[in-house]
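What follows is a set of notes on a single structure, which appears directly below.
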Protein chains: 2
Amino acid sequence: MITSIENKQLKNIKALLDRSSARKKQGLFVAEGVRMFEETPDELIDRIYVSESFEDKNRTLFESKVKMHPYEVVEDGIFKRLSDTNTPQGVLVTVRMPRYDEDRIIPKDPGHTPESVEGDDRQTAAKAQHGTGDYLVLNKIQDPGNLGTMIRTAEAAGVRAVIMDEGCADIFNPKVIRSTMGSIYRVPFLITKDLLGLMIKMKGQGVSFIAGELNGSNFFEAKRPEGPIGILIGNEGNGLDKEVIEASDIRLRIPMEGEVSSLNAAVSAALFMFFMRYLYK
Amino acid sequence: MITSIENKQLKNIKALLDRSSARKKQGLFVAEGVRMFEETPDELIDRIYVSESFEDKNRTLFESKVKMHPYEVVEDGIFKRLSDTNTPQGVLVTVRMPRYDEDRIIPKDPGHTPESVEGDDRQTAAKAQHGTGDYLVLNKIQDPGNLGTMIRTAEAAGVRAVIMDEGCADIFNPKVIRSTMGSIYRVPFLITKDLLGLMIKMKGQGVSFIAGELNGSNFFEAKRPEGPIGILIGNEGNGLDKEVIEASDIRLRIPMEGEVSSLNAAVSAALFMFFMRYLYK
């Protein structure tokens, strides 16, 4: 049992929780809590850490996983000091970062959605399109909670992949991981140094880009372009970069009542993803 | 200038930031940052506190407000210790709680929406309905960020009022206030001890309640009932209380792909509010 916060392994967990550079160097991140522990695919688990009392109470819960993976028991008070959360659940896992090939995420022929249809046929069209899915493309999203929520929503909305530029918060930040509620393991993602270059490449393969933008035309009157779509969502304070807006095909604005000047970025992304999937004309 | 954290006024601000009971007793809450300062209506301002360097740099910004209100200058280091945020902007305001009459929020005749219409007429119908607006009704929403985001989204979606039961996070919690981005001053709200009783009363006045519920029917195939709607959103972990679901008129589920078991509560609320406003059949 580990009984000191000065233990080498625990010091490394602190580094993985606190520093993006440590995560990058080791190719590891930390997932905390029962839910995230259960969601973590076996092949990505590096090592399991449980508090003393968690081990006592939950032997059956992690018995099967423990058989396959190394694990350490940590004294309760020490575990609490280690945790990134206010109410630690007594289990955390160090996890190998999932990686996706750009070629797998952006196939050469991204397929085509059905032709635009109206009225009652929308459901059918949406279903026929299921195999394809859209892309969520994030430009300098800063808030870890927003980023995690977007990944969770993207899975629910049947998004094919999430693409982020390097100005986004680190996807392996513990707050992002927590907010994904496990979707981090199921939604393919790509982090790009050159968002504009990637957009141009994807446009060549039939992807249309829709910019969520305050000066755009009314979102609820939009017609969906044929083929797959990249939904562009920008920074919480400043929106999308000018060049990104210029490279987009369509600019759409969610109509807003009152004196609200913008919506929360995760809320905007959710409205775009669900409405593009189910409600385009 | 205030130079000690032991100053009586500053100790009171700490209490207002930290304790719901102190806020309730004094009828005051704290709004932090330039944006919230500018959004605060003059008639609600109790007292303004600025850091020394903020006063130097922003005389013009708050000159007009300062003329009307008492203000105190706080030594920079002390202001930083006082703040609820990691990067304090140097201005905070103590604010009198806005209060709304139940009778103003829930009029005896809540009016009627246009009859259900289809196709291109939906926009027209939505516009005609503008004067009415729906209700967002919250059952044990726990996360302050979610609650604040919901109030912000409610204003944008033209919601008439937000109704909360006493199981919700305190609306005057500094994290809620921040997340509203100023909507706290513009969206009427009501906190009720007896949500079921209020629902029954509102139903008697023609309001239909829609429960966001995992076992409901498909959200995107729903028909909007006539008259105003109350959109029910439940606790982040456990959803709506059983009695609340039973008292609702319609249960709707947002369809989800993948292995997602639920959406973030603020995301669900946003989809319901915008869908009910713009896209009902």
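Order of the sequence lines fixes the chain letters, A, B, ..., with proteins taken first and strands second; residue numbering starts at 1 for each chain. Because the structure is a prediction, the values reported are computed rather than measured.
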Handout entry: Best-contacting candidate, B/Ala157, B/Gly182, B/Pro255, B/Ser183, against chain A by heavy atom pairs under 4.5 angstrom
Key =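 Ranked by heavy-atom pairs under 4.5 Å with chain A, first place is B/Pro255.
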Exercise for the section: Name the option with the most non-hydrogen atom pairs under 4.5 Å to chain A; the candidates are B/Ser261, B/Ser262, B/Gly145. Expected result: B/Ser262
Problem - Option passing salt bridge (charged side-chain N to carboxylate O under 4.0 Å, His left out) with A/Arg35 (candidates A/Glu32, A/Glu39, A/Glu38) - result: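 Result: among A/Glu32, A/Glu39, A/Glu38, A/Glu39 is the only option passing the salt bridge (charged side-chain N to carboxylate O under 4.0 Å, His left out) with A/Arg35.
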Exercise for the section: Indicate yes or no for a side-chain donor-acceptor contact from B/Glu155 to the backbone of A/Gly258 under 3.5 Å, with no hydrogens or angles considered. Expected result: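 Not confirmed, B/Glu155 side chain does not pair with A/Gly258 backbone.
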Handout entry: Atom group of B/Ser179 that falls short of 4.5 Å from chain A, counting heavy atoms
Key = neither
Fill in the blank from the handout: Whatever's closer than 4.5 Å to a heavy atom in chain A on B/Arg186 counts as side chain
Handout entry: Pair B/Ser83-B/Thr85, side-chain donor/acceptor within less than 3.5 Å
Key = yes
Exercise for the section: Report yes or no: do B/Asn146 and B/Asn264 form a side-chain donor-acceptor pair below 3.5 Å? Expected result: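 Looking only at side-chain atoms, B/Asn264 and B/Asn146 do form a donor-acceptor pair, the distance falling under 3.5 Å.
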Practice task
Could you walk me through whether B/Thr153 and B/Phe274 pass the side-chain contact (heavy atoms from CB on, under 4.5 Å) test, one step at a time?
Solution key: CA-CA 9 Å; B/Thr153 312; B/Phe274 274 95; 3.8 Å; yes
Completion exercise
Ranked by heavy-atom pairs below 4.5 Å to chain B, first place among A/Val267, A/Val187, A/Ile254 goes to A/Val267
